[in-house]
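Okay, so here's the structure we're looking at.
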Amino acid sequence: MPVTPPQTPRGPSRMTGVAAVPAARAATQDVDGTDSPGATRNFIAKATLITASLSVAGALLGLVRDQTLAQLFGAGVETDAFLVAWTVPEFAATLLIEDGLAIAMIPAFSLALARRAQGASGDPVRSLVASTLPRLSLGFVAVSALIIVGAPYVVEVLAPGLPEPDLAADCTRLTATCVLSFGLAGYCSAALRAHRRFLAPATIYVAYNTGIIAAMFLLGERWGVRSAAAGVAVGGFLMVAVQLPSLRRLLRSRPSVSGGAAEVRPMSLALLSSVLLFAMCRQSQVLIERFLASTLPAGAISHLNYAQKVAQIPMTLSLMLCTVTFPVVAQALADGDTERARDRVERDLALACRLVLFGAATVIACAPQIIAILFQRGAFTAQDTVVTAGVLRVYALGLLGQTLVGVLIRTYFSAGRPTWYPIGAMTAGVVATTWIGAGTVGSWGVLAIAAANAAGITVTAALLLAGLAQERSGRARHKSARRAEEPAGPSSFVFSTWTAARRRAARHSGSRGVPIRTRHVLSDLGRPLRAAGVATVAGAFASSAPGSPVAGFAVGCVTVTAVFLLLGPALGTQGRTSALHSVGAVTRRLRHGRSS
């Protein structure tokens, strides 16, 4: 009979069973060797530094990968065909590595670690691996085979107006292998991160992009753009290879306790389904983009792809801290310490949003220079630079929403229980993306698609933030007093709808996630948001003066940095506290946290 994880208690005095404070703390000590707040900050700082450094290396190699693709194949029919096939690894990465399998598996491994610390018979961690890995692997193999067989139909659904569907089908068959390799890589990453081992998981995109780049250079002349698809297949299995040694050492380092096999608590199917459905719904924005762009002239899909890859860099870097603190928030909820979890989430939001606002200001101000420096060579022309830079600027308008979604979604599932509200919020965003894109693509082309993406993800971010709003206890107001605050006129319907949605979200998802002070978070973002706006205008003006793209980029970056930091100050209370804690912890001796 499946046993679901226990409900998160409201306070230490109400905790019973396996969620009791001593067991949770024992699990923490088993993982990182200490329970002191200073050691936790040291661990977070060290793990974040390692993860961020290797993620930057992976992102840089990703840029080299895109530069190589642009240089060898340009932005035309062949590249469009490959990028349709690229939809498969994009989906697989989101579902199996980033927002899907990891969010479901990390709480499961954390629970197994807690039961191990309680002295359960056998080894709950090994038992969890034995009960889940074979079944998941069979599922990965089945999906890979299904995509390989149905590749022509997949291409027809994704991009019905594509000029070279046969080439896209060939590339799709090669990239379909990543469902298996990414699934195994994501499973290894979840297990290692739950054990607070971050070095090996942080190297996976370095290995992945290295495989793609090598395949394009070695096979590009003979296979054309199919070489890039072959590189996806090779790189996917390299992601597994770089993690297997660490995982094998981890599983062997703890001999089983006598007493037979440990009782395994099956993963909740509802939890896995809710996480994967959210990830699929989020990634469906890419399908909408490719579908709409396939009706535009050749090169539209390529321009969208190159712009999106550059725009995602600030968002990816801003979310590095959340990758490390996800197990920390889950552990705080297991301890029944909602206040500690809330403070951690609010600090993560403050720092992540400030980082992405600074990055978005830089990207928007220096977009033409960035694209020219990165891609304008070989088959990638000056006209391609102009179009891609325009798309990049529009994409960047949604970076704050992307970051908010990335931070907030982890809080909904940090307790290891299913919740369906995030899927509804993401569905609303996808509907907004579809309506805006379909209604404007005929007039604005690729810019309309990028604008629809930014608007849709912003809608989702707003709904997720509303769902975690902390209600004021003991301060219920009279209905007439609430009505007095409602705006008059047409906006009253929007206000009442938003209020009702927020209250329903609080009832249905508040107990599933971490309640945060929404007004405090939004007011704290006002100052850096205004600073980013002014910095963007100043940076765009400054970067356009020099004739050289390199000089323009340098001048623009300096201008954006100076204006962003001087206006305000840009860092408010939460952002300054989080930043100082991180910097201070990194500069001290980091002897407690283990991250390799």
Any side-chain heavy-atom pair of [X] and [Y] under 4.5 Å:
X    : Y    : answer
Q243 : P201 : yes
L54  : L199 : yes
Q402 : R282 : yes
I148 : T172 : no
L463 : Y421 : yes
V64  : N209 : no
R249 : P245 : yes
T177 : S144 : no

I'd like to check the side chain to side chain donor-acceptor pair (under 3.5 Å) partners of [X]; sequence neighbours left out, ordered by chain and number.
X    : answer
S227 : none
D66  : none
T203 : none

Item to check | Worked verdict on V225 versus L69 for side-chain contact (heavy atoms from CB on, under 4.5 Å) | outcome: CA-CA 8 Å; V225 79; L69 185 69; 4.3 Å; yes

Checklist entry - Between Y208 and F237, is the gap from one ring center to the other below 6.0 Å? => result no

Distance from [X] atom [atom1] to [Y] atom [atom2], nearest 0.5 Å?
X    : Y    : atom1 : atom2 : answer
I457 : T403 : CD1   : OG1   : 10.0 Å
F82  : D170 : CZ    : CG    : 13.0 Å
Q283 : Q285 : CD    : CD    : 8.5 Å
F182 : S189 : CZ    : OG    : 11.0 Å
L349 : L465 : CG    : CG    : 7.5 Å
L174 : R226 : CG    : CZ    : 9.0 Å

Checklist entry - Would W86 and T175 count as a side-chain contact (heavy atoms from CB on, under 4.5 Å) if you check the C-alpha gap in whole Å, the side-chain angles of each, and the deciding distance to 0.1 Å? => result CA-CA 7 Å; W86 180 261; T175 59; 5.8 Å; no

Item to check | Carboxylate-amine/guanidinium contact E90 K309, below 4.0 Å | outcome: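 Result for this pair is yes, salt bridge flagged.
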
Item to check | Salt-bridge contact R344-D348 (side-chain N to carboxylate O under 4.0 Å) | outcome: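 Salt bridge present between R344 and D348.
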
Checklist entry - After noting the C-alpha distance and the side-chain angles of F217 and T68, does the key distance pass the side-chain contact (heavy atoms from CB on, under 4.5 Å) rule? => result CA-CA 8 Å; F217 277 116; T68 305; 3.9 Å; yes

Next on the checklist: For P124, is there any backbone N or O sitting under 3.5 Å from a side-chain donor or acceptor partner on S127?
Outcome noted: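 Checking the backbone N and O of P124 against the side chain of S127, no donor-acceptor pair under 3.5 Å is found.
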
Write down the atom of [X], the atom of [Y], and the distance for their closest heavy-atom approach.
X    : Y    : result
I409 : P422 : CD1-CB, 3.5 Å
S137 : L184 : OG-CD2, 3.5 Å
G231 : A215 : CA-CB, 3.4 Å
I288 : T434 : CD1-OG1, 3.1 Å
V88  : C178 : CG1-SG, 3.9 Å
S284 : V430 : OG-CG2, 3.5 Å

Checklist entry - Does the side chain of T132 pick up a donor-acceptor pair with the side chain of Y187 at under 3.5 Å? => result yes

Next on the checklist: Could you go through Y205 and M239, starting from their C-alpha distance and side-chain angles, then the distance that decides it, and tell me whether this counts as side-chain contact (heavy atoms from CB on, under 4.5 Å)?
Outcome noted: CA-CA 7 Å; Y205 286 110; M239 296 168 84; 4.1 Å; yes

Item to check | Sole candidate of L133, L247, L250, I97 that passes side chain to side chain contact (heavy atoms under 4.5 Å, CB included) when paired with C188 | outcome: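 Exactly one option meets the side chain to side chain contact (heavy atoms under 4.5 Å, CB included) with C188, and it is L247.
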
Checklist entry - For atom CZ of F291, is the number of surrounding heavy atoms from other residues, nucleotides or ligands below 6.0 Å larger than 12? => result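 It does not: F291 CZ has 12 such atoms or fewer within range.
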
